[in-house]
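First up is the structure itself, then whatever we jot down about it.
Below, each value reflects all heavy atoms present in this structure, side chains not excepted, and no hydrogens, waters or symmetry copies.
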Amino acid sequence: MSISYNAAERVFRLDTPNSTYLIGIVDAEGFLGHIYYGHRIPDDNMGYLLRLEESRAPSVNNRERLSFYDAFPMEYPGHGVGDQRQACLSVETPKGYRACGLTYRSHTIYGGKPKLEGLPATYGGAGDCTTLELTAEDRTLGLTVRLFYTAFEKIDAICRSVRVENTTGKPIRLTTVLSACLDMDNQNFDLLTLHGSWGTERMISRKKLGWGKQGVSSLRGISSHQEQPFLALVEGSATQTQGQVYAMNFVYSGNFLGQVEMHQQGQLRMVLGIHPTDFCWNLAPGETFQAPEAVMVYSCTGLDGMTHAFHDLYRGHLVRGPYKNQPRPSLVNNWEATYFDFDTERILKIGREAAAAGIEMLVLDDGWFGKRNDDHSSLGDWFVNENKLPGGLRYLSEELGKMGLRFGLWVEPEMVSPDSRLYREHPDYALQIPGREPTLSREQLVLDISRKEVRDYVYRSIHAVLSEANVAYVKWDMNRALSDVYSAALAPEAQGELYHRYMLGVYEMQERLLTDFPDLLLENCSSGGGRFDPGMLYYSPQIWTSDNTDAIDRLKIQEGTALVYPLSTMGAHVAACPSHTNSRSTPFQTRGHVSLPGCFGYELDLTKLTPEEKAMIPGQLADYRKYGPIFHNGDYYRLASFSENHVYDAIMAVSKDQRTAVIDFVQVMSCRHLRSVRIPLPGLAENRLYRSSETGEVHSGAAWRYGGMPLPKLRGDFLSRLIVLEAVEDLPAEA
Ligand code: GLA
C-alpha cells in the first residue's frame with residue numbers, strides 16, 4: 001500500500017516511486033495541514049515543517065488565531081474566518097452566512113480508486129493505486145467534505161478530488177469548490193504554463209514566479225485555445241533532465257482556474273479547480289457535489305520526468321476503450337481537400353487514391369447534412385443531404401468499404417445554426433438571455449446541453465445517422481466559446497450552475513455514444529485544439545491538435561502539447577502546400593515526419609498530389625506502422641526545441657523495452673554548417689549497443705547518452721530526417 005497513517009504522529013503519508021506527500025492532523029481542533037510534498041523520504045515525523053510556533057497554533061495562542069489562519073499551510077482551505085489567501089471552498093447559508101473552515105473527522109484507506117460520478121477521471125485497480133478518503137467537516141455548519149487522494153504505485157502522480165455533502169440539514173449554496181491545493185515554500189520557482197490562440201495552441205511560457213496571484217484560467221465554457229488547465233512550478237535551475245517540478249493538470253473541459261499565489265514571506269498557494277467566477281451550486285439537504293479531478297505530478301528529473309509521469313498515467317489510466325492499446329488507423333480527412341464543396345463522386349475519388357496508397361480510413365468532415373454548403377446554416381439538422389450524397393452515408397460507406405476503407409464522420413452536436421429547422425422549432429434550446437440578442441460566432445449558437453431533452457434530441461438524431469452507415473470513427477467538434485449563458489430550464493438562483501451542468505451534459509452524451517457504439521474511435525476537436533484536455537481524453541483517445549496544419553508551426557504546437565499529453569493522443573495530418581493556415585510551403589517528406597509521431601493522417605486532396613508526392617505515401621504509412629507504436633507507447637524525450645533555438649527541432653521516442661529509439665529531426669532554418677550539432681540521447685540502456693540508421697555506427701547506450709549524436713547536416717530549409725537506433729547486442733555486465 002502506498003498510503004499509510006501514522007497514528008502517533010497523526011500523519012498521512014502517500015508515496016509514489018519518487019515522491020512523498022505528507023498531511024498532518026494538527027492541534028487540538030484537528031486542522032488538516034500540508035506538511036510536505038517532494039522527493040521521496042522515509043520520515044513521517046516532518047511536522048516541524050509546519051512551524052506551528054511561528055504560525056501560532058490556536059491551542060497555545062488563540063488570541064492570534066487570525067495570524068494562524070493567514071499563514072498555516074492548509075490542506076484544503078475554506079474562507080471567511082481568517083485565511084486571506086485563495087479559498088478552495090466557499091459557501092453561503094440561507095441566512096447569508098459566508099464562512100467555512102474544515103477540520104478532520106475520519107478517514108479510510110483502500111486499494112484502487114473510486115469512480116467520479118458523471119465525470120471523467122483516471123482509474124486504477126488495487127494493484128495500481130491506493131486511495132485515502134479523508135473526511136473533514138465544518139463543525140459550525142455541520143457540513144461534510146471528503147478529500148480523495150489516490151497515489152499510483154508505479155507513476156509519480158497523485159490524483160485528487162473533492163466531494164461536498166450537505167449534512168447541514170438546510171439548503172446551502174457552494175460558491176467555490178476547487179479540486180486541489182498545494183501550500184508550500186517558494187524554492188526559486190519558475191511558473192510554467194501553456195498559452196495560445198486558434199492555430200497557436202499550447203505555446204510554452206516559463207517565467208519567474210512573482211508576488212501576488214498568477215496563473216491560467218478559462219471562462220469560455222471550454223478549456224480553450226488560450227490557456228491550458230495545466231500549471232507547473234519548476235525550480236529555476238531545472239532543465240529538461242534535472243531539477244524539481246510540481247505540476248497540476250485538471251481532468252475537466254470547461255471553465256477552470258489554475259493559480260499560484262505568492263503571498264507574505266514568500267509562501268505559495270497553488271490551486272486548481274472549476275473557476276469560481278460564474279459558478280455556484282445549490283445543495284439541498286442530503287445532496288452532494290462532486291468536484292472534478294486534479295492530477296498532481298512531482299518530478300525530480302526535470303521536465304522529462306514530469307512528462308513521462310503524465311504520459312504513463314494518461315495512456316494507462318485515463319484513455320479507455322478498444323483503441324487504448326491499439327495502433328490508431330491512418331486516415332484521410334476531406335476538410336482541407338474540399339471544404340464544403342463535395343459530393344459522393346468527389347469523396348469516392350479521394351477514397352480510391354487513399355485505398356491505392358494504403359490509407360485505412362476516410363473521414364467525411366463538415367457539410368454532409370441539412371443544406372450546409374457553407375457555414376451559415378444547418379447545425380442541429382443532422383439529416384444527410386441527399387442532393388450532395390445520393391444514397392446517403394450508407395451508400396458512401398459501403399462503397400468505401402468495398403475499397404477496403406473504413407468510414408469516419410464529423411459532427412458538431414453542441415451547436416445550432418439560427419438558420420436550421422431545429423432552431424426555428426426550438427429557439428429556447430439555444431443558450432441565450434431573454435430580451436438580449438445572443439452573440440453569434442461562426443454564425444452559430446450553443447445548445448443548452450444542460451437540458452436532458454436537448455441532449456436527447458441531438459443524440460437521437462446523430463445516433464440514427466451513425467446506425468444507418470457503417471461509421472468506425474467520429475470527429476466530435478465544438479466550434480465556439482459559450483456566451484449568453486442562460487438556461488430557459490433553470491431557476492434564477494441556479495443559473496450559476498449552468499457552465500458545469502453543460503459540461504456534465506457533454507460528458508453524458510459522449511459516454512452514451514461510447515456505450516451504444518463500443519467499437520467507435522472518437523476524436524474530440526474544438527476549432528482545432530480548443531478542448532485538448534484530460535477530460536476529453538477519458539472519452540476520446542485522440543484529439544485534433546490544431547487547425548494549423550503547417551508543419552513548422554506544428555513543431556511548436558506539438559512541443560507544448562506533448563509536454564503533458566502522450567503523442568498517441570495528438571491528431572497530426574500531412575496537409576497541402578502552400579499551407580492553408582499561413583501559406584508556407586514545406587517538403588512532403590517533412591510534413592510526413594512532423595505528423596508521424598501523432599495519430600497520422602492526410603488533410604489534403606489526394607487526387608491533386610504530384611506523382612512524386614503520391615509515391616511517398618506508402619513509405620510514410622510503412623513508417624507509421626513501424627514507428628508509430630514506438631512514439632505512441634514509448635518514452636518521449638524532447639532533444640531540441642525550435643521554439644527555443646529558432647533553428648532546429650528534435651524529439652526522440654524510446655520503446656519501453658529500450659530496444660528501439662526513433663529520432664524525428666527537423667532542420668527548420670538552414671545554417672552555415674561548419675560543425676554539426678551534437679545532441680546527447682537519453683533513455684537508452686547504457687550497456688546495450690545500438691546501430692544508427694543514419695551512419696551505421698554502433699555505440700553503447702552510454703556513448704549515445706554522454707558522447708551524443710551529431711545531427712545530420714542538411715542543406716536547405718524545412719528539411720527533416722528520421723533516424724532509428726536499433727539494439728544490436730547487450731554488453732556483458734561489468735564485474
Ligand atoms: C473546425 C475543425 C476543423 C473542421 C471544421 C469544419 O474548425 O477544427 O478541423 O472540422 O471545424 O467546419
Taking [Y]'s backbone N and O only, do any of them form a donor-acceptor pair with [X]'s side chain (distance below 3.5 Å, no angle check)?
X      : Y      : answer
Glu201 : Gly529 : yes
Ser224 : Glu227 : yes
Gln432 : Pro427 : yes
Lys113 : Cys159 : no
Arg315 : His632 : yes
Ser417 : Leu379 : yes
Thr131 : Gly112 : yes

Going by the salt bridge (Lys or Arg N to Asp or Glu O under 4.0 Å) test, which pairs reach into [range], not counting sequence neighbours?
range            : answer
residues 320-342 : Arg320-Glu511, Asp341-Arg346
residues 274-291 : none
residues 471-493 : Asp365-Lys475

Test applied, side chain to side chain donor-acceptor pair (under 3.5 Å); reference residue, Glu523; option that passes from Tyr473, Trp476, Trp544: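 Per the side chain to side chain donor-acceptor pair (under 3.5 Å) rule, the option paired with Glu523 is Tyr473, out of Tyr473, Trp476, Trp544.
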
[X]: ring-ring contact (aromatic ring centres under 6.0 Å, His included) partners, not counting sequence neighbours:
X      : result
His463 : Tyr459, Phe517
His500 : Tyr252, Trp281, Phe289
Tyr565 : Phe532
Tyr76  : none

Please confirm whether the ring centroid of [X] lies under 6.0 Å from the ring centroid of [Y].
X      : Y      : answer
Tyr429 : Tyr423 : no
His317 : Phe152 : yes
His580 : Tyr339 : yes
Phe342 : Trp335 : no

Which heavy atom of Ala430 sits nearest a heavy atom of Val416, and at what distance?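 The pair with the smallest heavy-atom distance is CB-CG1, 4.0 Å.
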
Pair Asn479, Gln444: side-chain N/O donor-acceptor within cut-off below 3.5 Å: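 No pair is found: no donor N or O on one side chain lies under 3.5 Å from an acceptor on the other.
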
Ion pair check, Asp375 and Arg442, cut-off under 4.0 Å: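 Yes, Asp375 and Arg442 are salt-bridged.
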
For Arg451, is there an ion pair with Asp456 - N to carboxylate O distance below 4.0 angstrom?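 Judged by the 4.0 Å cut-off on N to carboxylate O distance, Asp456 and Arg451 do not form a salt bridge.
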
With sequence neighbours excluded, what pairs up with [X] under the side chain to side chain donor-acceptor pair (under 3.5 Å) test?
X      : value
Ser218 : none
Asn166 : Thr168
Ser487 : Asp448
Asp419 : Lys371, Arg424

Start with the C-alpha gap between Arg160 and Glu293, add the side-chain angles, then the distance that decides, and say whether salt bridge (Lys or Arg N to Asp or Glu O under 4.0 Å) holds. CA-CA 6 Å; Arg160 295 174 62 168; Glu293 177 167 271; over 6 Å; no

Which residues pass the side-chain contact (heavy atoms from CB on, under 4.5 Å) test with Thr581, sequence neighbours left out?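 Only Trp198, Asn548, Thr549, Ser579 meet the side-chain contact (heavy atoms from CB on, under 4.5 Å) criterion with Thr581.
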
Worked check of salt bridge (Lys or Arg N to Asp or Glu O under 4.0 Å) between Arg146 and Glu133: CA-CA 6 Å; Arg146 286 182 208 280; Glu133 194 177 318; 3.8 Å; yes

